[in-house]
There are 2 protein chains.
Amino acid sequence: MSEAAQLIQHDRSHQISSRDRLPAFPHTVSHPGTRAVSARGSSVMDDSTDLHDGFSPFQGFQSLQDPQQRMLEMMRTVRELVQPASKVVRPGDVLYHSGLPFNTVFLINSGAYKLVSRSLDGREQIVSLKFRGDWLGFSGIAHGRHACDAVAMDTGNVSIIPYATLLEGCVRHPELMAVVHEAMSTEIRRERESLMSVCTLASQARVAEFLCAWARSMAQRGLRADELTLRMTRADLGNYLGMTLETVSRCLSRLNREQLIRFGERGRRQISIPDLARLEQYVISGSSARTARLQ
Amino acid sequence: MSEAAQLIQHDRSHQISSRDRLPAFPHTVSHPGTRAVSARGSSVMDDSTDLHDGFSPFQGFQSLQDPQQRMLEMMRTVRELVQPASKVVRPGDVLYHSGLPFNTVFLINSGAYKLVSRSLDGREQIVSLKFRGDWLGFSGIAHGRHACDAVAMDTGNVSIIPYATLLEGCVRHPELMAVVHEAMSTEIRRERESLMSVCTLASQARVAEFLCAWARSMAQRGLRADELTLRMTRADLGNYLGMTLETVSRCLSRLNREQLIRFGERGRRQISIPDLARLEQYVISGSSARTARLQ
DNA sequence: CGCTTGATTGAGTGCACTCAATCGGGGTGG
DNA sequence: CCACCCCGATTGAGTGCACTCAATCAAGCG
């Protein structure tokens, strides 16, 4: 058994109640080959050379497929070339702890995860939220130790990929390397979007944009985008968005009052978005220059 | 203090060249595709050419402890395996524009650079500052187009590395791939540190931490850490730190009044830090829970 | 049933923002 | 040369948004 599995610990002290009626098998490791590999072998990512010849009509090579197909293709590529073990996680499970030696990354098959950074003086910050198709652990490559905690917010499943295995795979299969580079590049982009949001938007617009981003993200994964089920407390939300839990609550109430969102029947963590375009419009109109403009 | 804790420390890299009398050309675009190698650029480049032989291809440079040595080693590896052209940039030069096709990354030999993201509705955000040893362009991999502008804030020199070439190099030289992965991982870490700073620190502590990070980074490169020369306006600073330029100015004045920093004789962009430990202590004490705590 | 945890809402405060005036240095032209 | 302007930086006055503190409510659970 890999040391990766040993790193995974089950911490049930912070379980989100009532949401896991699924039978959980925390220590079950399933095998990847079970999913049939599609016959059409040549994926779009194979040919990495023609991507960079300087011209692309749309979004580069991505435009050849919709994002969901691309994600599936990516996951298929990884499964095929790395053949990783996988693992079921439950709410509160920690995939890796900040400071522990890095030797494994994870590819998310399902579930929702938060990455929590801690400063030396004890400040905690949720720096990222991750979902199906996202990778976990890249930040640990740099110094050989994980830079944050990865905590499952929901029941889910991750592929376990020893980093050494991944590197070997990248050497033998350049298309896998392209996939990994792209995933890391995406992660850099996302962090920057968070920073932009926190730095330039007032609190209510920030909450609104968060909901928009979540909705878009769900749509991109083929899930329904008009009915969000937040799997986090107001405290988590506030921490991630750089505001207090009370402010989050007030902003959501105000958005609800203004009909931009609607609370679901099954608790106020369920939020429906009647008109996503209108919510996005609100973000734009609310983006008064909150900080210093450039030039 | 544990080894792990040290590894997590902030290390934004900053490097400043000493001359500053050059005129700025704010909208000059230099073309990365032109392989113009300037002979006189060698003055700013590290021209050590001796090889280093022994490091594990899959471990990157983690075995080397001294960060400065590690950086030099990394740059040497890239020069050796990729043999990139290089290019002199001047203040205001734009290495790449957001939205333009991505096909090149850059490795910074000298100078200071800012990465500016723009949202659809026109908000601008300096998302990162880059210096010697940092890479530029990784965020463009994901969608085949650059995600931000890269603007030189000072005279400098960058190595020009076509991404296709880099990929080929990675396939043939696993140690190069490790270098690239490590660089991207570092970039992810840095963005998260920025987010943490913006989300958890009050404005004055945020400014203080920015200065601390700068100073540490100088020290890490063997340069003097008690005399900083900021190469950006208060507006840039404020944008990067998520506050207005007036607030930046007030915070600096207050830090000066409290003897935590001292303004230099050559203008108020020059800042000396009499006691770095005391400044760092101030950051910690000023880190009152500004946003929601977790659990 | 009471306990606990999470969410909401209210009241009041303070920090950081906006607006605005001033200052200083560097460059330019009369 | 000075006068002038422009730009960046500083400082002040006043305001408002988001924070703190605190009470209440709702839901889940032993």
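Computed from a prediction, not measured in an experiment: that's the story for all the values here. Letters A, B, ... are given to chains in the order of the sequence lines, protein chains preceding strands, and every chain is numbered from 1.
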Output the rounded distance in Å from CZ (Arg254(A)) to P (dA18(D)). 7 Å
Check this for me, if you would: do Arg123(B) and Glu193(A) make a salt bridge, where the nitrogen-to-carboxylate-oxygen distance has to be below 4.0 angstrom? no
Nucleotide dC21(D), atom P - distance to CG of Leu245(A) in whole Å: 12 Å
Of the listed nucleotides dT10(D), dC19(D), dC17(C), the one nearest the side chain of Thr247(A): dC19(D)
Nearest-Å distance, CG (Leu252(A)) to P (dA7(C))? 10 Å
Please enumerate all residues that pass salt bridge (charged side-chain N to carboxylate O under 4.0 Å, His left out) together with Arg250(B), with sequence neighbours excluded. none
Could you tell me the separation between the CD atom of Gln204(A) and the P atom of dC19(D), rounded to a whole number of Å? 13 Å
Starting at atom CZ of Arg268(A), determine the distance to atom P of dG28(D), rounded to an integer number of angstrom. 15 Å
Check whether any side-chain nitrogen or oxygen of Thr233(A) sits under 4.0 Å from OP1 or OP2 of dG6(C), and answer yes or no. no
Whether Thr244(A) contacts dA18(D) is assessed here as follows: a side-chain N or O lying under 4.0 Å from the phosphate OP1 or OP2. Is that the case? no
Would you call Arg118(A)-Asp149(A) a salt bridge at under 4.0 Å N-O? yes
All N/O pairs under 3.5 Å across the protein-nucleotides 12-15 of chain D interface:
residue, atom, partner, partner atom, Å
dG12(D), N7, Arg250(B), NH1, 2.9
dG12(D), O6, Arg250(B), NH2, 3.0

Within this structure, what is the CG-to-P distance between Leu201(A) and dC17(D), rounded to whole angstrom? 15 Å
For a quick test of reading the model: is some side-chain N or O of Ser253(A) closer than 4.0 Å to OP1 or OP2 of dT9(C)? yes
Is any NZ, NE, NH1 or NH2 atom of the basic residue among Arg190(A) and Asp134(A) found under 4.0 Å from an Asp or Glu carboxylate oxygen of the other? yes
Nearest-angstrom distance from the residue atom CZ of Arg234(A) to P of dA26(D): 15 Å
Among dC19(D), dA16(C), dT8(C), the one nearest any side-chain atom of Ala202(B) is dA16(C)
If you measure only the distance, is there a donor-acceptor pair under 3.5 Å linking the side chains of Thr247(A) and Thr244(A)? yes
Assign the ring pair Phe106(B) / Tyr96(B) to parallel, tilted or perpendicular, where the plane angle (0 to 90°) is split at 30° and 60°. parallel
Is it true that Glu246(A) and Arg234(A) have a side-chain N and a carboxylate O under 4.0 angstrom from each other? no
N/O (side chain, Ser249(B)) to phosphate O (OP1/OP2, dA9(D)) under 4.0 Å: no
Rounding to a whole Å, what distance do you find between Ile271(B):CD1 and dT10(D):C1'? 14 Å
